[in-house]
Novice: 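This structure is in structure tokens; I'll ask about it shortly.
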Amino acid sequence: MSKFNYARISPQPTSPITATRVPGARNYQGGEAFERDAKSELFVLAVANMVSEHTFYEDGSHRDERFEKLCAAVAVDDLDWMARFIPWLRDTANMRSASEVAAAVAAQALAAKAMPGARTLISTACQRADQPGEILARWLTVVGKRVPMSVKRGLADAARRLYNQKSALKYDTPSHGVRFGDVLELCHPRPTGAVQNALFGWLLDRRPGKSRKVGGRNVTIPEALRTVTANRRVREEAKTDATILTQSSTLEAAGITWEQALSQAGKDVDKAALWEAKIPSMGYMALLRNLRNFDEAGVSDETAKAVGERLADPEQVARSRQFPFRFLSAYKAAPSLRWSWPLEQAINHSLVNIPALHGRTLILVDQSGSMFNRVSDASAADWAHTAALFGTALALRSEKFKLVQFGSTSEDVPLHEGESVLRAVGRFRPMGGTYMLAALDQHFNGHDRIVVITDEQFAPNLSYYRQYGRPTTLDDIVPKSTPVYTWNLAGYRYGGMAANRPGRHTFAGLSDACFSIIGMLESGEKGEWPF
């Protein structure tokens with residue numbers, strides 16, 4: 001345990017997220033509500049918004065509408081803030097869909113006001129080659145066929161930067177309504193050289209309805225596109241001899257993804273041999289998602305060791321930008337124990353921004369019913385386990401701590417020094433309602449700080465307070481000199497903790513990136529946005 005490198009408490013400024021009491025307003029549980037300004041509400045919502053997906057208290061359409069109104073308003077009011085926020089949302093917070101929608105809606109609002117800046121917003125939101133098509137498809141569906149020149153130029157900038165042979169083979173598939181060639185046809189990006197010029201011509205020619213053959217499968221491939229040529233050759237040979245799909249260097253040179261190799265192989269190829277051929281060229285997220293498949297196929301211990309070394313490598317963890325809960329999901333899904341230690345190392349690396357905390361820290365982890373809403377439809381993880389993960393990691397980084405799970409009731413969660421984060425999360429369980437103040441009243445005992453990880457939808461539980469004559473507000477329980485940090489994982493409009501002021505702070509998100517703000521505030525620095 002660290003002896004010296006602790007965040008130490010000193011007089012604190014306010015954090016960048018602001019919230020004020022709204023007379024008469026109530027959160028979804030009927031508790032007292034605190035409303036954030038537009039930037040604060042947008043930030044809290046964006047870092048938890050998987051776009052068009054339902055949450056426990058909000059349906060997807062209402063959540064999307066609120067998000068879009070906030071994006072439009074903030075872009076017009078403070079373009080500089082928005083221009084810094086969108087690339088941070090995409091790169092650091094790793095919210096791909098949210099950044100796409102934010103950029104498109106902001107660009108639309110700027111165009112309506114004849115304001116500049118849309119080009120940069122659109123371009124910086126695109127960090128993967130399928131994103132220009134995603135943004136254009138949304139624009140054509142939601143806004144219409146008239147696309148402003150600033151948006152076209154932003155998409156063109158992104159296409160020049162992201163379109164290459166391998167990205168085209170991976171993402172330019174018939175399952176997408178807007179193809180790479182459609183983006184090129186509309187936006188006219190200038191190619192960076194001869195190879196990209198040849199690629200652009202091939203992509204334009206292979207669009208459905210434009211190519212010489214349906215789907216563009218037999219369009220003549222320019223000589224400069226060696227990877228595309230190799231890809232077609234391997235696919236043709238695999239029809240008669242599928243064992244070519246077990247040759248690692250051949251697959252890499254042909255830009256064949258693991259999904260494509262599995263699809264083409266069918267039942268004729270040994271799956272262990274196929275995976276062992278693809279694993280060396282697979283990306284970090286693909287490895288993380290396929291641990292169960294590796295076990296079911298029976299990949300060798302030697303191959304598993306190589307996968308584990310990559311998963312546990314701190315540089316690869318940092319580059320992957322995976323949310324910490326992804327490692328928990330992989331741990332729960334993988335049947336073999338051979339992945340446990342690499343995943344434990346990986347999650348510790350992914351939580352590097354969680355500060356070491358000096359003194360006594362009370363950590364309250366919300367395990368009420370609403371927290372068991374899944375983070376996204378594509379994920380088995382939920383907010384409750386994410387909260388447990390962050391709370392456990394924070395406890396293990398604290399000099400002295402009291403870790404508590406709460407709902408209708410509350411209880412201590414015991415931890416031991418050096419304990420596995422992934423194993424410890426298994427001690428948390430569903431606990432019914434959301435009586436946070438009762439839990440705080442029961443467990444606060446002069447601690448130096450309090451951290452609450454929650455969705456901020458607290459029930460008032462007035463019968464408890466009246467029956468036992470207990471305090472009914474946060475400030476009645478916790479002195480104003482004791483800092484309280486609330487971590488909102490869900491992004492609902494109304495918070496339930498307190499107005500933001502010195503000593504009362506709200507943050508948000510599924511990543512550990514913002515935890516560093518705790519150290520900034522406790523060292524007396526001004527609480528700035530993390531971008």
Side-chain angles (χ1 to χ4, degrees), residues 123 126-137 155-266 268-269 274-286:
S123 178
C126 298
Q127 298 298 322
R128 206 172 73 178
D130 59 335
Q131 289 191 270
E134 288 279 339
I135 291 176
L136 180 56
L155 293 173
D157 292 342
R160 292 179 77 246
R161 189 175 73 250
L162 299 170
Y163 285 6
N164 57 50
Q165 294 178 73
K166 287 191 175 181
S167 67
L169 291 168
K170 181 173 182 177
Y171 295 115
D172 187 36
T173 63
S175 63
H176 295 89
V178 174
R179 303 289 293 271
F180 280 30
D182 297 317
V183 175
L184 299 175
E185 176 70 17
L186 179 69
C187 303
H188 304 291
R190 181 177 298 176
T192 58
V195 174
Q196 194 176 63
N197 183 58
L199 175 67
F200 284 2
W202 179 69
L203 290 170
L204 285 164
D205 203 26
R206 74 194 295 257
R207 289 176 298 157
K210 300 294 183 181
S211 62
R212 288 184 285 275
K213 295 287 185 180
V214 176
R217 296 177 183 174
N218 295 314
V219 173
T220 301
I221 301 172
E223 185 178 348
L225 304 184
R226 295 180 180 178
T227 301
V228 176
T229 301
N231 185 278
R232 179 173 292 181
R233 177 184 59 78
V234 171
R235 285 174 176 272
E236 287 299 319
E237 289 186 22
K239 292 177 181 179
T240 56
D241 181 12
T243 59
I244 193 174
L245 299 174
T246 63
Q247 299 173 17
S248 182
S249 59
T250 299
L251 297 180
E252 175 66 12
I256 292 179
T257 67
W258 65 267
E259 298 98 332
Q260 294 164 349
L262 281 175
S263 175
Q264 183 118 11
D268 299 328
V269 176
L274 181 61
W275 279 119
E276 290 178 0
K278 277 305 302 174
I279 281 172
S281 62
M282 288 174 67
Y284 191 93
M285 183 177 181

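What you see below is based on every heavy atom in this structure, not just the backbone, and it leaves out hydrogens, waters and symmetry mates.
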Novice: Sequence neighbours left out, what passes side-chain contact (heavy atoms from CB on, under 4.5 Å) with Ala198? Give chain and number order.
Specialist: Pro222, Ala224, Leu225
Novice: Ile244 versus Gln247: any side-chain heavy-atom pair under 4.5 Å?
Specialist: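 Yes; the side chains approach each other to less than 4.5 Å.
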Novice: What do the steps show when you test Gln260 against Arg235 for side-chain contact (heavy atoms from CB on, under 4.5 Å), and what is the final call?
Specialist: CA-CA 9 Å; Gln260 294 164 349; Arg235 285 174 176 272; 3.3 Å; yes
Novice: Who passes side chain to side chain donor-acceptor pair (under 3.5 Å) against Asn164, sequence neighbours left out?
Specialist: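 With neighbours one apart ignored, the set is Ser167.
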Novice: With Leu186, which residues qualify under side-chain contact (heavy atoms from CB on, under 4.5 Å), at least two apart?
Specialist: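 Leu186: side-chain contact (heavy atoms from CB on, under 4.5 Å) contacts with Leu136, Val147, Lys152.
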Novice: Tell me the closest heavy-atom pair linking Cys126 and Pro132, and the distance in Å.
Specialist: SG-N, 3.9 Å
Novice: Mind checking side-chain contact (heavy atoms from CB on, under 4.5 Å) for Ala261 and listing every partner two or more places apart, or none if nothing turns up?
Specialist: Ile256, Leu274, Lys278
Novice: Restricting to salt bridge (charged side-chain N to carboxylate O under 4.0 Å, His left out), what partner residues turn up for Arg160, sequence neighbours left out?
Specialist: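 Result, salt bridge (charged side-chain N to carboxylate O under 4.0 Å, His left out) vs Arg160: none returned.
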Novice: Apply side-chain contact (heavy atoms from CB on, under 4.5 Å) to Leu169 and Thr257, showing your working.
Specialist: CA-CA 9 Å; Leu169 291 168; Thr257 67; over 6 Å; no
Novice: Looking at every heavy atom in both Leu184 and Ala159, which two are closest together, and how far apart are they?
Specialist: CD2-CB, 4.4 Å
Novice: Enter the distance from Ser123:OG to Leu162:CG here, rounded to the nearest 0.5 Å.
Specialist: 8.0 Å
Novice: Could you note down all residue pairs passing salt bridge (charged side-chain N to carboxylate O under 4.0 Å, His left out) where residues 244-258 supplies at least one of them, sequence neighbours left out?
Specialist: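 Sorted result for residues 244-258: Lys166-Glu252.
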Novice: Does atom CZ of Arg128 have more than 12 heavy-atom neighbours from other groups under 6.0 Å away?
Specialist: yes
Novice: Answer yes or no: is there a side-chain heavy-atom contact under 4.5 Å between Pro189 and Asp157?
Specialist: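 A side-chain contact under 4.5 Å is absent here.
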Novice: Could you pull out all residues at least two apart from Tyr163 that satisfy ring pair (Phe, Tyr, Trp, His ring centres under 6.0 Å)?
Specialist: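 Scan of Tyr163 (ring pair (Phe, Tyr, Trp, His ring centres under 6.0 Å), adjacent residues dropped) gives Phe180.
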Novice: Can you tell me if Arg232 uses its side chain to pair, donor with acceptor, with the backbone of Thr229 under 3.5 Å?
Specialist: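 Flag not set: sc Arg232 to bb Thr229 has no pair under 3.5 Å.
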Novice: Check Gly181 against Arg207 and note the closest heavy-atom contact, atom names and distance.
Specialist: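 That would be C-CD, 3.3 Å.
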Novice: Sort and list the pairs that fulfil ring pair (Phe, Tyr, Trp, His ring centres under 6.0 Å) and have at least one residue in residues 241-261, not counting sequence neighbours.
Specialist: Trp258-Trp275
Novice: Would you compute the distance between atom CG of Leu251 and atom CG of Asn231 and round it to the nearest 0.5 angstrom?
Specialist: 10.0 Å
Novice: Sequence neighbours excluded, which residues qualify as side-chain contact (heavy atoms from CB on, under 4.5 Å) partners of Pro280?
Specialist: Ser248
Novice: Test of understanding: with salt bridge (charged side-chain N to carboxylate O under 4.0 Å, His left out), list the residues that count as partners of Asp172, not counting sequence neighbours.
Specialist: Arg179, Arg206
Novice: Show the nearest heavy-atom pair for residues Asp182 and Gly177, with the distance to one decimal.
Specialist: OD2-O, 3.8 Å
Novice: Among residues at least two apart in sequence or on other chains, which ones pass side chain to side chain donor-acceptor pair (under 3.5 Å) with Thr192?
Specialist: Gln196
Novice: Looking at residues at least two apart in the chain, or sitting in another chain, which of them share a salt bridge (charged side-chain N to carboxylate O under 4.0 Å, His left out) with Arg233?
Specialist: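 Salt bridge (charged side-chain N to carboxylate O under 4.0 Å, His left out) check on Arg233 returns Glu237.
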